[in-house]
K.L.:
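Below you will find the structure I want to go over with you.
So that the names make sense, note that chain A is the first sequence line, chain B the second, and so on, each numbered from 1. In what follows, every heavy atom counts, from backbone to side chain, and hydrogens, waters and symmetry copies are set aside. Since this is a predicted model, take the numbers as computed values, not measurements.
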Amino acid sequence: MTPEQLSNAVRDALGAAVEAGEITLPGGVPDHVLIERPRNPEHGDYATNVAMRLAKQAGTAPRELAERLAHRLREVSGVERVDVAGPGFLNITVAAGAQGELARSIVVAAESYGRTNTLAGTRVNVEFISANPTGPLHLGHVRWAAVGDAMARVVEAAGADVAREFYINDRGSQMDKFGTSIMARAQGKDVPEDGYHGAYIAELARAIVADRPEILDLPEDEQLAAFREEGYRLQLAEQQSQLDEFRTHFDVWFSERTLHESGQVEHGLDVLRKQGHVFDADGALWMRTTDFGDDKDRVLIKQDGTYTYFASDTAYYVNKRERGFDVCVYLLGADHHGYVGRLKAMAACAGDDPDRNIEIPIGQLVKIVRDGQEMRLSKRAGTMLTLGEVVEAAGVDALRYTLCRYPADSPLTLDVNQITRQTSDNPVFYVQYAHARLSSILRNAAELGIELGELQPELLNHERESLLLAALGEFPRIVATAAEYRQPHRVARYLEDTASTFHRFYDVCRVLPMGDEPAADIHRARLWLVEATRTVIANGLRLLGVAAPERM
RNA sequence: GCCCCCGUAGCUCAGCGGAUAGAGCAGCUGCCUUCUAAGCAGUUGGCCGCAGGUUCGAAUCCUGCCGGGGGCGCCA
């Protein structure tokens with residue numbers, strides 16, 4: 001019996017009680033009843049607070065209401081016991097047989113266990129990182145690489161149609177500074193004060209000159225453009241290979257330039273004009289974002305006739321919507337939180353619902369500590385720790401997992417020494433170890449010629465088996481919730497809890513026969529449970545983009 | 001000046017309207033004569049920043065204050 005089925009049973013019990021005239025619900029029977037797993041095992045396998053929630057509306061004391069539901073629930077097949085407890089909780093214990101069936105459902109569902117359709121029919125665009133192609137990605141970007149990708153995977157698992165998108169900021173003055181810096185290096189001159197000073201600039205210059213020695217003979221302006229474009233090409237390829245190594249794959253790499261070249265900026269402005277929130281003032285073109293709560297209006301076209309960065313943003317948003325995305329998620333760092341108000345207002349100016357069509361989760365920046373000292377990240381000074389360097393030191397799995405197990409809006413301090421140590425300090429090893437252990441049992445079973453065979457679910461009645469089954473049953477709800485709130489860390493925390501529940505089961509419940517003992521039904525039933533557990537851990541790790549090793 | 005995020009165990013952090021507030025690490029004590037001890041069991045450790053309010057019930061929601069971090073004033 002899954003929590004979902006139980007939730008429906010409670011709802012049906014409510015409906016039946018209303019029909020029988022035992023209770024009255026002026027607000028009607030709720031569509032969905034919340035079923036939780038109580039912390040305290042004495043409170044049964046599942047609990048619900050419906051009686052307390054509906055007591056006022058029903059005009060009945062919570063405990064009394066609970067009693068009226070309890071006697072109906074006791075008749076439900078698969079429900080073993082129902083207690084009314086505390087202020088009016090319904091504590092429900094599920095029959096071992098009904099609960100054991102869950103192992104079969106999970107094994108049969110295999111890789112699709114955990115998928116739901118709670119977001120089916122929704123097209124979601126998740127944009128993250130979106131760095132300038134003027135340098136390597138560094139640890140400041142890496143959190144979004146891990147969280148953004150995991151968020152996309154989780155939302156996808158809830159049935160949404162998802163695109164991961166990287167907006168390439170390949171236009172504007174930073175690109176010129178980038179070109180100027182490379183050219184200066186190539187010519188053996190000093191990089192301007194406000195240019196890029198990292199060692200990679202010299203490497204780019206060397207690579208470009210080696211590939212095109214004649215570049216240095218070009219007139220200064222052509223040479224600058226050539227260095228800028230060659231540098232752009234190489235640096236973008238470098239970013240893409242960094243992300244590839246980090247197992248973060250984008251569906252769309254969207255160049256800001258193409259917005260301008262294809263006339264989409266003008267088109268975006270047309271859309272806004274039609275909505276009536278654009279006006280001229282002081283020789284500039286403005287968007288009246290204050291109509292929708294922004295603290296001031298925003299310039300689209302400056303007095304000198306050039307577009308602002310915000311004009312690109314607007315056109316890009318309109319473009320995304322025209323490509324059919326219902327929800328546009330922008331994962332931004334706290335250093336960009338000032339954009340939230342104007343982006344939301346911009347969406348409203350475009351005629352959209354800012355509470356539905358655009359979401360802007362703000363991620364707190366990652367603080368990095370090494371040898372007890374905070375490291376400052378400065379692309380220009382060239383002292384940053386690149387994504388590649390961190391991946392090399394910590395490994396993709398440990399890094400991705402560590403970054404994903406905290407909510408994005410929570411400040412995070414990464415101790416470089418700690419994450420590079422690859423010891424059990426990192427919970428990823430705990431979870432992966434559970435998977436390796438599970439795989440090992442299944443491997444040994446295969447060697448012994450023991451097959452799953454026919455499951456006898458009622459044999460899985462040990463307390464630790466029961467707890468494990470209950471934990472496995474939570475998985476789809478956890479994924480759906482993580483997707484709804486765009487919080488993949490919930491999956492990581494769930495995996496840690498479930499790994500712990502498994503280790504405790506393993507400690508007490510022998511799965512395979514000992515010595516010459518013949519394989520019995522209990523061994524096969526536990527093997528089903530082991531395969532179900534392995535499936536859940538593997539599926540959960542996959543949602544985080546972390547490997548599920550069969551051996552460690 | 002205005003705005004955002006965060007103050008929970010020694011440390012890093014979960015929990016965000018429910019029943020005795022949790023995990024990992026750090027500390028102490030046990031457990032490998034058969035499936036991976038990267039594990040398990042036990043134990044130590046908390047005015048959930050402070051003060052009010054909302055209700056059956058607040059670490060969780062609201063207001064104010066204190067402390068820490070970050071941003072904003074036709075810049076990309």
K.L.:
Tell me if the aromatic rings of Y430(A) and H503(A) count as close, with their centers under 6.0 Å from one another.
P.N.:
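Judged by ring-centre distance (under 6.0 Å), Y430(A) and H503(A) do meet the cut-off.
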K.L.:
Any idea which of C74(B), A19(B), U55(B) is nearest the K56(A) side chain?
P.N.:
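Selected nucleotide (nearest to the side chain): U55(B).
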K.L.:
For a quick check of understanding: with a heavy-atom distance under 4.0 Å over all strands, which category does R171(A) fall into, base, sugar-phosphate or nothing?
P.N.:
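If one applies the 4.0 Å heavy-atom cut-off, R171(A) turns out to touch the sugar-phosphate alone, with no base involved.
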K.L.:
Does Y506(A) reach a base, just sugar-phosphate, or nothing at all? Heavy atoms under 4.0 Å.
P.N.:
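If one applies the 4.0 Å heavy-atom cut-off, Y506(A) turns out to touch a base.
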K.L.:
Using the P atoms only, state how far C11(B) lies from G7(B), rounded to an integer number of Å.
P.N.:
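Those two atoms are separated by 14 Å.
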K.L.:
Using the six-membered ring wherever Trp is involved, compare the ring planes of W286(A) and F279(A) and label them parallel, tilted or perpendicular (cut-offs 30° and 60°).
P.N.:
parallel
K.L.:
When you measure from the side chain of V511(A), which nucleotide among A41(B), C35(B), G39(B) comes out closest?
P.N.:
C35(B)
K.L.:
To the side chain of H489(A), which of C74(B), G39(B), G15(B) is closest?
P.N.:
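Nucleotide nearest to H489(A)'s side chain: G15(B).
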K.L.:
OP1, OP2 of A23(B) versus side-chain N and O of Y494(A): anything below 4.0 Å?
P.N.:
no
K.L.:
C72(B) and G64(B): how far apart are their P atoms, nearest whole angstrom?
P.N.:
24 Å
K.L.:
Nearest to the side chain of P38(A), heavy atoms from C-beta on, is which of A19(B), C74(B), A37(B)?
P.N.:
A19(B)
K.L.:
Taking only the C1' atom of each, what is the distance from C75(B) to C5(B) in whole angstrom?
P.N.:
23 Å
K.L.:
Distance between the P atoms of G69(B) and G30(B), in whole angstroms?
P.N.:
44 Å
K.L.:
Less than 5.5 Å between centroids and less than 30° between ring planes, does F89(A) satisfy that with A19(B)?
P.N.:
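Here the ring of F89(A) and the base of A19(B) are stacked, with centres under 5.5 Å and planes under 30°.
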K.L.:
Just call it for P407(A): base, sugar-phosphate, or nothing, with non-hydrogen atoms closer than 4.0 Å on any strand.
P.N.:
sugar-phosphate
K.L.:
Which class fits the ring pair F254(A) and Y316(A): parallel under 30°, tilted 30 to 60°, perpendicular over 60°?
P.N.:
tilted
K.L.:
Is it the case that the base of C3(B) and the side chain of H337(A) share a donor-acceptor contact (distance under 3.5 Å, atom types as modelled)?
P.N.:
yes
K.L.:
Charged N to carboxylate O under 4.0 angstrom, E64(A) versus R68(A)?
P.N.:
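Salt bridge present between E64(A) and R68(A).
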K.L.:
Determine the interatomic distance between P on G49(B) and the same-named atom on A14(B); round to the nearest Å.
P.N.:
14 Å
K.L.:
A19(B) base to N91(A) side chain: any donor-acceptor pair below 3.5 Å?
P.N.:
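Under the 3.5 Å cut-off, the side chain and the base do form a donor-acceptor pair.
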K.L.:
State which residue, out of V511(A), V107(A), L472(A), L455(A), fulfils the side chain to side chain contact (heavy atoms under 4.5 Å, CB included) condition with L529(A).
P.N.:
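Result: among V511(A), V107(A), L472(A), L455(A), L472(A) is the only option passing the side chain to side chain contact (heavy atoms under 4.5 Å, CB included) with L529(A).
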K.L.:
Any base atoms under 4.0 Å from D409(A), or only sugar-phosphate, or nothing? Heavy atoms, all strands.
P.N.:
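Since only primed, P, OP1 and OP2 atoms lie under 4.0 Å of D409(A), the category is sugar-phosphate.
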K.L.:
So, are E165(A) and K320(A) salt-bridged, with charged N and O less than 4.0 Å apart?
P.N.:
no
K.L.:
Quick one: look up who C35(B) pairs with, Watson-Crick or G-U, both distances under 3.5 Å, and put none if it's unpaired.
P.N.:
none
K.L.:
Using a 4.0 Å heavy-atom cut-off across all strands, classify R342(A) as base, sugar-phosphate, or nothing.
P.N.:
base
K.L.:
Return the nearest nucleotide to the side chain of P87(A); candidates are G18(B), A14(B), C35(B).
P.N.:
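The nucleotide sitting nearest to the side chain is G18(B).
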K.L.:
Could you give the distance separating C47(B) and A9(B) at their C1' atoms, to the nearest angstrom?
P.N.:
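A9(B) and C47(B) have their C1' atoms separated by 14 Å.
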K.L.:
Name the closest nucleotide to the K296(A) side chain, picking from U12(B), G17(B), G73(B).
P.N.:
G73(B)
K.L.:
What's the verdict on salt bridge (charged side-chain N to carboxylate O under 4.0 Å, His left out) for D521(A) and R524(A), showing C-alpha distance, side-chain angles and the deciding distance?
P.N.:
CA-CA 5 Å; D521(A) 289 335; R524(A) 282 185 280 271; 3.1 Å; yes
K.L.:
Work out how far the C1' atom of G68(B) is from that of C50(B), and round it to whole angstrom.
P.N.:
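Result for the C1' pair: 15 Å, nearest Å.
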K.L.:
Is C28(B) in the syn range, within 90° of 0, or in the anti range?
P.N.:
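With its glycosidic angle more than 90° from zero, C28(B) counts as anti.
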K.L.:
Please give the distance between the C1' atoms of U60(B) and G53(B) as a whole number of Å.
P.N.:
15 Å
K.L.:
Ignoring the backbone of D282(A), work out which of G15(B), C74(B), A19(B) is nearest its side chain.
P.N.:
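It is C74(B).
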K.L.:
With a non-hydrogen cut-off below 4.0 angstrom, is I362(A) in contact with a base, only sugar-phosphate, or nothing?
P.N.:
nothing
K.L.:
Out of C74(B), C35(B), C40(B), which has the shortest distance to the side chain of Q303(A)?
P.N.:
C74(B)
